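Worksheet for the structure shown next.
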Number of protein chains: 10
Amino acid sequence: MLFHVRMDVAIPRDLDPDVRAETVAKEKARALEIQRSGRWPHIWRVVGQYSNISIFDVESADDLHELLWSLPLFPFMTITIAPLTTHPSDLAVQ
Amino acid sequence: MLFHVRMDVAIPRDLDPDVRAETVAKEKARALEIQRSGRWPHIWRVVGQYSNISIFDVESADDLHELLWSLPLFPFMTITIAPLTTHPSDLAVQ
Amino acid sequence: MLFHVRMDVAIPRDLDPDVRAETVAKEKARALEIQRSGRWPHIWRVVGQYSNISIFDVESADDLHELLWSLPLFPFMTITIAPLTTHPSDLAVQ
Amino acid sequence: MLFHVRMDVAIPRDLDPDVRAETVAKEKARALEIQRSGRWPHIWRVVGQYSNISIFDVESADDLHELLWSLPLFPFMTITIAPLTTHPSDLAVQ
Amino acid sequence: MLFHVRMDVAIPRDLDPDVRAETVAKEKARALEIQRSGRWPHIWRVVGQYSNISIFDVESADDLHELLWSLPLFPFMTITIAPLTTHPSDLAVQ
Amino acid sequence: MLFHVRMDVAIPRDLDPDVRAETVAKEKARALEIQRSGRWPHIWRVVGQYSNISIFDVESADDLHELLWSLPLFPFMTITIAPLTTHPSDLAVQ
Amino acid sequence: MLFHVRMDVAIPRDLDPDVRAETVAKEKARALEIQRSGRWPHIWRVVGQYSNISIFDVESADDLHELLWSLPLFPFMTITIAPLTTHPSDLAVQ
Amino acid sequence: MLFHVRMDVAIPRDLDPDVRAETVAKEKARALEIQRSGRWPHIWRVVGQYSNISIFDVESADDLHELLWSLPLFPFMTITIAPLTTHPSDLAVQ
Amino acid sequence: MLFHVRMDVAIPRDLDPDVRAETVAKEKARALEIQRSGRWPHIWRVVGQYSNISIFDVESADDLHELLWSLPLFPFMTITIAPLTTHPSDLAVQ
Amino acid sequence: MLFHVRMDVAIPRDLDPDVRAETVAKEKARALEIQRSGRWPHIWRVVGQYSNISIFDVESADDLHELLWSLPLFPFMTITIAPLTTHPSDLAVQ
């Protein structure tokens, strides 16, 4: 099941620099781990923003919640979600 | 070059039913044609909306404009665009 | 899988009264049919609005899309969707 | 009498960790207590958000105010309320 | 139980003038009837707007819904509702 | 002359607890004083919010400004104002 | 008593051209009449908009309501009002 | 050339009280100075807000920018600007 | 003096096709005429929108108003204006 | 390829004054460097705002992202981007 997710990141300026660096590194490691599992097939950077637009392919909405909640930067993100379905004009389904 | 595009469609209720059917059919044909050219790699339906979220892969912003402007339903669409770039946590670029 | 759905209805004033009555009747019949199938466990009227707030329990996001798209009043609705998951403070999961 | 309530939680980052843990624990205890009283029949987590969507079943608006005001996390919540009534297409009232 | 209600009225310009006059007259009659019943203790015109701000005193949210839904101008109104409760600084409760 | 006023209160979390308690107490005293003068005939708590909706009955807009500016919590309030006038459907003016 | 008023005008395109011309002419006549009475001391056109920003100097909010309601273009206006008072840094009050 | 300017002031609570008092005093002195030069013909306090609505009469947009930028409270202001022109219904131009 | 202007065009669907074509042709002619006068140095199409972003270089705000008001498509445009001034980091002013 | 970019700057008040001065100086140097490369052909100050409106002329969206991300004030900016294309009424393309 596909979900469209936009994450806007705002790390507080007063976060300890070491904690910050560590959190960002952990975020990347976790993101790669989820991608390797096949459940995060697309991630793009939005130009000029500390944001990404992603597609998740999960078993359920619960599954999506767990994945997002597990992201180390989750507490500093504003997340917007839209469930997706196949488009009738998608070339792949003709 | 990648662009994230959301199209919200609102066909006027008083459009002649034949014109409507013909326009929707032409839209689908044009969408498939662009997809076949490789410039519209993803199109998804947003659940519960007469809307799609798409990824375009074009030569330039001008190219994107021409494609969108050529869509038969263009006059009835609200279009939102965000340029995309590679995300540093994308598994494909590690 | 649970989804929170709000539907705001705006039937155009110039819809033929017979068509209107028929569409509203069909909407009710379809709503009852989906409820009987167990996939629409809650529907409430929002006080003072021609709107409902509903909970859907479906197999997938695709399933939800098909249900909503099948509603006779769909063309006259603004629909807002939020995927839900179990709350850790829900008495039922203690 | 039914009310639809959405609570978006934003605990300040500089809250003392012990106070935070204690407040969250008290919140859960209080939420369970109210649920046991039958006045909070539904609580769901919104996917990807530190938020819940709830249904309250109370004697009056005053009653609802007292319940919400008594929540330990109340000072850190943005609360949105809509009064509900029976929907004429609800299967239960046919 | 008190509810704060704002009604913004927008009667369509193409409504038949006789129907319009009749509807406005019926609205006034109904508004007076509800006021006489004690359930609509305050109604004010918002300066420079075709709008009113009102206080309703009803048995329940269902009761409020029925009253609002019964207004002849209901189909042409945008309605905003906030439940009220006693304020601790209200002189009347000292 | 009547004005509809909504006050949303947000006392900063880091305000000294004693200052806070004292300011809240002074606010209540001042609110009662104005009510006793007849210039603040209605004050209600909005359910689930640290907010009030009030009706002021003052000599002039200047008068209203002075009253609001004199409130001890004024620096922590977001205030929304709408001038009111008699509604032609008000039972009292028939 | 001073009020700041913004009027955004949107005359429906399908208004009969003669009615339109007549209404616009009446609006101008009425605006001049009110200005001559001293109650509408300032009116400016907002650049690039079919809008004006005005200052009214009236006896009361009721007075302002009557003036605005009497404008022939009132049904086609969106009106925004803010009560004004003397500014402590106004040169005239030093 | 006339510009309509609204300034909403939000002085940070943690600004040193002496700095605050000094800045507010300097702001007033500067405001009076500009008014004396004839370039700030109107300034009003918005009732219930720490805001003013002003009319500036300047040589150019650059001139306006310099004036606003020179205000001691500029860093704590949200400023909204609309260029104005003569209104055809202004009594002064008949 | 420079102004940043965005024009969003929405020609009503029921405009007579000949009138539409004629109005669009006149708009283009007028736009070219103003550009030739040097007062409209930049005009760009916003990708995917029936909109332009333009820079005007005019004598005064009045001048800008007259130019915009003279555009044949003016009645069908939503116009947003921001006055501009030289940026201190502009290479041209170093 | 042209992009319209608006940057709204909000430097935190508690930034060390030396760091602030240094960052602003570096920002200016970087802005001039990019302008010299021909990729930032226009930059204007928005009157009354700590903001600029700019036109970038870049090879690709990726290129734009790198430029913006390299700005020393980037962490303190809100950035809005719109891709541009040639306007059919541009005098230069007749």
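The analysis underlying the following values was restricted to heavy atoms, covering all of them including side chains, and did not include hydrogens, waters or symmetry mates. Just so we're clear, the structure is a prediction, and the values are computed from it rather than from any experiment. Per chain, numbering begins at 1; letters A, B, ... match sequence-line order.
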Nearest heavy-atom neighbours spanning A:Leu84 and C:Ala61: O-CB, 4.0 Å
Correct closest heavy-atom pair for C:Met1 and A:Glu59 would be CE-O, 4.4 Å
Interatomic spacing from OG1 in A:Thr86 to NE2 in C:His65 - rounded to 0.5 Å: 9.5 Å
A:Leu64, part contacting chain C, at a heavy-atom distance under 4.5 Å: neither
